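Shown next, in structure tokens, is the structure this report addresses.
Keep in mind the model is a prediction, meaning the values are calculated, not measured. Atoms within a ligand are numbered from 1 in the order they appear, just like the ligands themselves. In what follows, residues are counted from 1 in the order of the sequence shown.
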Amino acid sequence: MSVVLGVDVGGTKVAAGPVDQAGTQLAPPLVEASRTEDTATFLAGLELTLRRALDEFAGFSPKAVGLACAGTVDAQRGVVVGSPNLPLVDTPVAAMMEKALRLRVVLENDANAAVLAETVAGAAMGFRHVVMLTLGTGVGGGILLDGRVYHGARGGAGELGHMVVQKGGLVCACGGHGCLEMYASGPALIRYAAAWIGNSERDPGGVLGDLFTRGLLTGEAVAKLAHEGHPGATEAVRELGVWLGAGLVSVSNIFDPEIIVVGGGVSALGEALLAPARDQVRVSAMPPAREKVLVVPARLGNSAGLVGAALSVWGRPDWGAEGSVRA
Ligand SMILES: [Zn+2]
């Protein structure tokens, strides 16, 4: 089996394209809008998009389809247990699409797909023990242990955004309190910046206050200001990094990974975010990992879900003789 159709199934759009076993995208993906009004409409729309993609990429002869979507996914059974942005509850998506398309269909959680993609073709190439955090509106996680994605007993493993970093802290969308997601996500960055509004030293000229009043205080705006050296925005990014670091200390202590990959929109902050996070690990994690574990930005960006979805069909990286992934 040499080529698979990788599909990133999102709440606003579905992207599908041919991928080979090295994680190379062989053509620009077909992108179509998701129809999330209800379960039946969504599934009919997904089937149609997959048919169009298989038709468009017929020249590559894809032998199977890999789907990645947000939410709790029972990859073993091909069932979406629940999803924050898709109208699916205990839906056997893989079996339904297999029946419709008469092709093998594999289903995976999007963050699990991303860690697989980064390991085969991205920032963690050649490593076997990899943890990835995806920082955006929320915080996602994927865990690769000894070369295999770890799913847990029911497919719910890897929810690193919901580890508690502050007992009795802010209420999270999951119902818990003090989850990492509340302190190391895009909305948290905005909150840290907004805290300096009215402080003439940290917000000279009232730039943050002005953006806030006009409804323009976004994560991107804070990132841009930090890049330009604005003191309050710079401090907000550092604070985000320190909280991320608190999470990474636990990740390092629990998994002893060789490398931690940080992706998602917020990771565009680069070293301004990663350096304070790495410092936390160097100071507070257990040896020997604290000196050794690498903390690096993701490389594949938005294509990680699609590429990883395809790679899920093969299940695990193709290890070379020296224990590294064959290119
Ligand atoms: Zn939570």
Side-chain angles (χ1 to χ4, degrees), residues 9-12 36 68-75 79-90 108-115 130-145 149-195 218-219 222 236-237 239-255 257 260-267 269 273-274 276-277 280-281 284-285 295 298 304-305:
V9 184
T12 53
T36 54
C69 65
T72 303
V73 170
D74 185 334
V79 171
V80 176
V81 178
S83 173
N85 54 10
L86 303 173
L88 303 174
V89 178
D90 289 326
E108 182 56 282
N109 162 275
D110 59 350
N112 290 346
V115 72
V130 184
V131 176
M132 180 168 176
L133 282 94
T134 307
L135 314 183
T137 308
V139 174
I143 302 161
L144 194 96
L145 299 178
V149 170
Y150 180 68
H151 292 99
R154 288 157 290 269
E159 291 293 351
L160 301 173
H162 300 282
M163 72 174 120
V164 176
V165 291
Q166 176 83 298
K167 181 178 173 291
L170 296 169
V171 180
C172 178
C174 75
H177 290 255
C179 296
L180 180 65
E181 177 165 305
M182 299 309 297
Y183 299 90
S185 57
L189 176 65
I190 296 168
R191 209 172 62 236
Y192 301 145
T218 60
V222 177
V237 172
E239 190 171 357
L240 192 75
V242 170
W243 278 106
L244 172 63
L248 298 193
V249 167
S250 292
V251 164
S252 177
N253 289 344
I254 296 167
F255 299 107
I260 299 172
V261 180
V262 181
V266 177
S267 71
L269 291 163
L273 173 75
L274 295 188
Q280 293 293 305
V281 173
S284 303
V295 179

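Using modelled atom types, no side-chain atom of Ser252 and backbone atom of Val249 make a donor-acceptor pair closer than 3.5 Å. With hydrogens and angles ignored, the 3.5 Å screen pairs no side-chain donor or acceptor of Asp90 with any backbone N or O of Gly82.
Within a radius of less than 2.8 Å around the Zn ion (ligand 1), the protein N, O or S atoms are His162 ND1, Cys172 SG, Cys174 SG, Cys179 SG.
The distance from atom CG of Leu133 to atom CG of Leu244, rounded to the nearest 0.5 Å, is 6.5 Å.
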Side chains of residues 152-177: which donor-acceptor partners sit under 3.5 Å, not counting sequence neighbours?
unit_1	atom_1	unit_2	atom_2	d
His162	NE2	Glu181	OE1	3.3
His177	ND1	Gly169	O	3.2

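Shown here are the side chain to side chain donor-acceptor pair (under 3.5 Å) partners of Ser83, two or more places apart in sequence or in another chain: Asn85. Partners of Asn112 under the side chain to side chain donor-acceptor pair (under 3.5 Å) rule, at least two apart in sequence or in another chain, are Glu108.
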